[in-house]
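Both counts, for ligands and for their atoms, begin at 1 and track the order of listing.
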Amino acid sequence: MSASTATDTRIEHLLARRVGDSRGRPTVEVEVHLACGAMGRAIAPAGASRGTHEAVDLRDGGDLLGGWGVRRALSELEHEIAPALLGRDALSQLYIDQRLIELDGTENKARRGGNATIAASMAVAHAAAAACGLPLWRHLAAGRRTRIPLPQVQIFGGGAHAGRRVDVQDFLAMPIGAASFDEAMVMCAEVYRHAGLLMAEAGRLRGVADEGGFWPEFASNEEALAMLARAIERAGYGPHQVSIALDVAAGEFGRDGRYRLGLDAIELDSEAWVERLVGWTARFPIVSVEDPVAEDDAAGMIRFTRAVGERVQVVGDDFLVTDAARVRAAAASGACNAALLKPNQAGTLSEMQAALEAARAAGMGMVVSARSGETEDVTIAHLAVGWDAGQLKVGSFARSERMAKWNEVLRIEETLGDGARFAGCEALGCASGRRAQIAAAHRSDKG
Ligand code: PGA
Ligand code: ZN
């Protein structure tokens with residue numbers, strides 16, 4: 001369908017089916033067909049280390065498929081969501097999402113299912129873009145400035161994604177010195193490859209965790225950090241070319257102000273835990289730390305951000321759950337300086353966009369993110385570019401549900417040719433003085 005004939009963008013047909021995700025669990029795929037013949041399709045991702053306040057998936061429970069079945073979510077789509085959206089204009093994303101929110105009527109999409117609403121919302125966006133004859137990112141950008149995002153690439157996977165072999169969930173590489181996404185991918189591939197070689201040399205290569213990062217065989221959380229720093233060095237990069245990011249996902253081992261690190265066999269209060277983390281940021285080239293403390297530990301977030309926020313990006317994931325009001329509150333209290341943004345935490349694209357714009361307005365960093373349960377769906381690559389988020393986190397540099405997203409950004413960058421602007425370290429949420437410092441150090445590394 002060409003753009004010139006795409007006149008009637010009303011939704012004619014919405015259908016939903018069960019497909020499988022990267023953990024082999026069922027998930028929801030939605031197809032939206034418009035009167036003009038354009039079609040959009042999207043699949044809901046699924047998290048494992050979830051925030052308490054995020055949109056919830058509707059799952060069947062019971063024995064079949066481990067309780068992860070999506071029959072109820074499909075039924076909501078067929079009997080409630082489809083009838084409510086038929087005849088509506090797919091170009092009016094905000095209106096469509098408002099209908100979904102009203103139809104659900106709960107705080108957390110518990111009635112219709114966040115898996116149902118996000119798949120429908122994203123499929124509508126894809127159909128609208130197709131009707132306009134545009135790639136989704138360009139449709140979303142609507143003529144505004146876009147940048148190609150700086151990636152966060154997982155090298156070791158831990159926490160809930162690796163049988164809690166280490167407590168910290170993600171040890172990631174950030175190619176802050178790359179000049180383009182294409183170069184960033186080469187740098188991350190080299191770090192991933194060298195990390196694998198180091199693990200093999202140490203006799204610790206055991207396969208990969210849920211997001212494709214190496215399965216962590218370490219004696220302590222800090223040893224994993226040291227190994228990543230060594231892999232970066234071995235790959236030939238200085239700390240201003242490739243830096244380290246952590247997603248601590250501290251809510252998985254912290255509760256009521258107590259942090260129990262299974263691998264380190266230690267229990268710390270919030271102050272002592274934050275102090276330990278601050279120490280890591282001083283000893284290792286860390287530029288970004290996500291969910292340093294549990295989501296109920298706002299005081300800990302503020303303490304950590306006060307201590308390191310000038311030089312380190314502090315990202316709220318479970319702490320913010322892609323919610324605009326929480327983003328604004330965090331900006332006001334100084335709890336963090338960047339927001340992680342996941343479509344299915346919000347449950348509709350419009351709510352996710354509102355959270356992203358709240359972060360932008362507050363001068364915070366914006367990181368569009370995948371979930372640990374993913375599929376071939378590459379919508380987030382388009383959201384990161386189209387909404388000019390500046391950063392993208394999709395897991396490791398292995399397994400096609402991850403590579404599909406990285407590959408999609410490569411294609412977008414190629415399409416833009418000389419017009420492509422890579423966000424680089426300018427996208428970090430830490431103080432602009434620190435960003436300038438990193439950029440200068442990178443230039444002198446090169447020079
Ligand atoms: P999840 O983890 O998708 O398993 O919730 C991803 C993250 O914490 O960023
Ligand atoms: Zn996280």
Side-chain angles (χ1 to χ4, degrees), residues 21-25 27 43-57 59 68 108 114-115 118 149 151-174 208-213 216 244-254 277 286 288-295 297 301 304 313-323 326-327 330 335-336 338-347 352 355 359 365-375 377 379-380 383-384 389 391-396 399 401-402 405 429:
D21 75 10
S22 53
R23 281 190 277 246
R25 290 177 189 163
T27 185
I43 309 177
S49 68
R50 307 165 53 85
T52 312
H53 301 285
E54 62 179 85
V56 296
D57 290 346
R59 300 283 184 178
W68 297 102
N108 60 355
N115 45 355
I118 194 58
Q152 293 194 10
V153 178
Q154 187 198 62
I155 305 299
F156 302 122
H161 304 159
R164 302 182 199 281
R165 267 286 308 143
V166 295
D167 302 282
V168 172
Q169 182 179 282
D170 295 340
F171 297 84
L172 310 111
M174 286 192 82
V208 298
D210 279 7
E211 298 188 11
I244 294 174
L246 296 179
D247 180 1
V248 179
E252 292 291 312
F253 58 87
L277 267 181
I286 294 173
S288 181
V289 180
E290 180 177 327
D291 283 350
V293 297
E295 61 180 58
D297 188 0
M301 283 294 279
F304 182 68
Q313 168 171 269
V314 183
V315 188
D317 172 11
D318 294 351
F319 189 74
L320 299 177
V321 292
T322 314
D323 177 78
R326 286 175 196 274
V327 170
C336 53
L340 202 78
L341 301 147
K342 294 167 164 169
N344 75 331
Q345 271 185 337
M352 177 186 177
M366 298 159 277
V367 189
V368 169
S369 171
R371 302 307 304 246
S372 49
E374 274 292 335
T375 65
D377 185 289
T379 306
I380 56 166
L383 300 180
Q391 294 178 72
L392 177 63
K393 177 185 181 224
V394 311
S396 197
R399 312 200 338 174
E401 82 278 6
R402 311 292 150 186
K405 277 76 158 175

What N/O/S atom of Glu290 gets nearest to the Zn ion (ligand 2)?
OE2
Near [X], which atoms of ligand 1 are under 4.0 Å from a heavy atom of that residue?
| X | value |
| --- | --- |
| His161 | 1 (P), 2 (O), 4 (O) |
| Asp247 | 7 (C), 8 (O), 9 (O) |
| Ala48 | 1 (P), 3 (O), 4 (O), 5 (O) |
| Glu290 | 9 (O) |

Name the closest protein heavy atom to [atom], giving the residue it belongs to and the distance to 0.1 Å.
| atom | answer |
| --- | --- |
| atom 8 (O) of ligand 1 | Gln169 NE2, 2.9 Å |
| atom 5 (O) of ligand 1 | Arg371 NH2, 2.7 Å |
| atom 6 (C) of ligand 1 | Lys342 NZ, 3.5 Å |

Nearest-0.5 Å distance, CD1 of residue Ile244 to CD1 of residue Ile286:
6.0 Å
OG of Ser369 to CG of Asp317, rounded to nearest 0.5 Å, is 6.5 Å
For Gln152 and Glu290, which I'm curious about, is there any donor-acceptor pair between the side chains at under 3.5 Å?
no
Going by distance alone, is a donor N or O of one side chain under 3.5 Å from an acceptor N or O of the other, for Thr322 and Glu54?
no
Only heavy atoms count here, so choose which of Gly157, Gly373, Ser372 is nearest to atom 3 (O) of ligand 1.
Ser372
Between the main-chain N or O of [Y] and the side-chain N or O of [X], is there a donor-acceptor pair closer than 3.5 Å?
| X | Y | answer |
| --- | --- | --- |
| Gln391 | Val367 | no |
| Ser22 | Glu374 | yes |
| Lys405 | Asp377 | yes |
| Arg402 | Gln154 | no |

Answer yes or no for Ser49: is there a heavy-atom contact with ligand 1 below 4.0 Å?
yes
To check your reading of the site, what angle at the Zn ion (ligand 2) do OD2 of Asp247 and OD2 of Asp317 form, to 10°?
170°
Under 4.0 Å between heavy atoms, the region of Asp317 that gets near ligand 1 turns out to be side chain
Can you tell which of Val153, Leu341, Ile380 makes a side chain to side chain contact (heavy atoms under 4.5 Å, CB included) with Leu392?
Ile380
Kindly determine whether Arg50 and Asp318 satisfy salt bridge (charged side-chain N to carboxylate O under 4.0 Å, His left out), including the steps that lead there.
CA-CA 7 Å; Arg50 307 165 53 85; Asp318 294 351; over 6 Å; no
Examine all N, O or S atoms of Asp170, backbone included, and report whether one is under 2.8 Å from the Zn ion (ligand 2).
no
Please find out if the Zn ion (ligand 2) and some N, O or S atom of Asp318 are separated by less than 2.8 Å.
no
So, for Leu277 and Val248, which heavy atoms are closest and what is the spacing to 0.1 Å?
CD2-CG2, 4.1 Å
Between ligand 1 and [X], is the shortest N or O to N or O distance under 3.5 Å?
| X | answer |
| --- | --- |
| Ala46 | no |
| Lys393 | yes |
| Glu211 | no |

